[in-house]
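As structure tokens, the structure follows; a few thoughts come after it.
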Number of protein chains: 2
Amino acid sequence: MKSFSPASPACLAASSEDVAQKLAALSHPARLEILRRLGGRSCCCKEVVAHLDLAQSTVSQHLKILVEAGLVRYEPERQRSRYQIDQAALAAVSASVSALVESCCAVEGADV
Amino acid sequence: MKSFSPASPACLAASSEDVAQKLAALSHPARLEILRRLGGRSCCCKEVVAHLDLAQSTVSQHLKILVEAGLVRYEPERQRSRYQIDQAALAAVSASVSALVESCCAVEGADV
DNA sequence: ATCGTTCATCGTCGATAAACGATGAAACCT
DNA sequence: AGGTTTCATCGTTTATCGACGATGAACGAT
């Protein structure tokens with residue numbers, strides 16, 4: 001599935017800061033719930049609000065954070081703005097974490 | 001590879017809070033560097049300090065956070081405390097993230 | 001016994017995050 | 001036109017984070 005060439009781990013590892021930033025966006029229960037809620041479809045803000053019992057302004061803020069992290073795509077439609085998961089970006093984060101784990105465990109088997 | 005039964009996603013998903021907490025521990029560049037540094041072996045604090053150019057107290061703090069998140073094992077040896085990655089825990093986090101991604105992308109293919 | 005190392009903890013400070021209510025813009029409905 | 005709905009932003013408050021120096025404990029070496 002991962003279309004990354006194993007020869008250039010740089011594109012996976014990225015800078016620690018880069019990965020850290022995206023993980024920071026994921027490191028809040030509400031935002032994880034939002035992602036689950038978004039699922040594959042696109043939702044408007046209100047829909048998420050109804051699901052979360054947080055103030056609308058708070059949810060909007062969380063959505064903004066996810067958008068700024070590049071994990072969610074945002075289309076400011078008229079009244080009902082559309083929020084939609086950026087699956088590729090999310091998959092990239094997952095890959096980064098996997099890469100991290102592997103790089104940490106690699107020594108054991110002397111994989112290099 | 002994953003020895004989780006797909007029938008009980010609860011053990012993967014855990015609570016959002018649980019996952020979020022572990023991700024929070026990973027969401028700092030210094031801590032990612034520390035994990036990379038730890039690799040498979042066990043290091044003492046000073047070793048990490050030398051690698052990071054941060055104050056010793058700061059590094060100790062970061063290590064503590066990683067330990068509290070359950071991602072690093074800590075053995076308060078005499079003078080040179082040993083820090084070692086908990087590979088299983090780290091792998092579990094990776095699995096959680098993967099699960100999240102999949103659950104978010106599943107709708108597209110109607111995988112359920 | 002005394003020094004030098006290594007390390008964890010404490011207290012502090014500035015910066016950032018999290019949450020909320022209030023406000024105003026934009027669009028829809030009647 | 002007038003009311004309603006949806007949403008983003010602003011301003012505020014409280015809490016937590018990140019980093020540091022200082023301190024003291026435990027140990028090894030001399």
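Quick note on labels: first sequence line is chain A, next is B, and so on, each numbered from 1. Bear in mind that the values here come from a model prediction, so they are computed numbers and not experimental data.
If you measure from atom CD1 of A:Ile65 to atom C1' of C:dA17, you get 7 Å, rounded to the nearest angstrom. Distance A:Lys64 NZ to C:dA19 P: 16 Å, rounded to the nearest Å. Rounded to whole angstrom, the span from the CD atom of B:Glu47 across to the P atom of C:dC7 amounts to 9 Å. Following rounding to the nearest Å, A:Glu75 (CD) and D:dA8 (P) show an atom-to-atom distance of 13 Å. Remark: P of C:dA18 and CG of A:Leu52 are 14 Å apart, rounded to the nearest angstrom. The distance from atom CD of A:Glu33 to atom P of C:dA18 is 15 Å, rounded to the nearest whole Å. Between the C1' atom of C:dA18 and the CD atom of B:Glu17 lies a distance of 14 Å, rounded to the nearest Å. Distance, B:Lys46 NZ to C:dA8 P: 14 Å, rounded to whole Å.
Evaluation of the ring pair (Phe, Tyr, Trp, His ring centres under 6.0 Å) test over residues 48-73 of chain B, restricted to residues two or more places apart or in two chains, returns B:His28-B:His62. The side-chain hydrogen bond (donor to acceptor under 3.5 Å, both in side chains) contacts involving residues 65-77 of chain B comprise nothing, where partners must be two or more places apart or lie in separate chains.
Residues passing the side-chain hydrogen bond (donor to acceptor under 3.5 Å, both in side chains) test with A:Ser42 are A:Arg82, sequence neighbours excluded. Shown here are the side chain to side chain contact (heavy atoms under 4.5 Å, CB included) partners of B:Glu47, two or more places apart in sequence or in another chain: B:Cys43, B:Cys44.
Considering all non-hydrogen atoms of both residues, B:Gly70 and B:Ala89 come closest at O-CB, 3.2 Å. Contact detail for A:Ala69 and A:Gln21: the closest heavy-atom pair is CA-NE2, 4.2 Å.
In the set C:dA8, D:dA8, C:dT6, the nucleotide with an atom closest to the side chain of A:Ser60 is D:dA8.
Residue A:His62 places at least one side-chain N or O under 4.0 Å from the OP1 or OP2 atom of C:dA19. Under 4.0 angstrom from either OP1 or OP2 of C:dA8 there lies at least one side-chain N or O belonging to B:Tyr83.
Tracing side-chain contacts under 4.5 Å through hydrophobic residues (I, L, V, M, F, W, Y), one never reaches A:Tyr83 starting from A:Ile65; they form parts of separate clusters. The cluster map of Ile, Leu, Val, Met, Phe, Trp and Tyr, joined by side-chain heavy atoms under 4.5 Å apart, puts A:Val48 and A:Ile85 in the same cluster.
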Original post:
With the sugar-phosphate defined as primed atoms, P, OP1 and OP2, and the base as all remaining atoms, what B/S/- string results for nucleotides 20-30 of chain C, 5' to 3', for protein heavy atoms under 4.0 Å?
Top reply: BBB----BS--

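The closest side-chain heavy-atom distance from A:Leu23 to A:Val93 is below 4.5 Å.
Contacts between residues 20-32 of chain B and DNA chain C, counted as heavy-atom distances below 4.0 Å, involve no residue at all.
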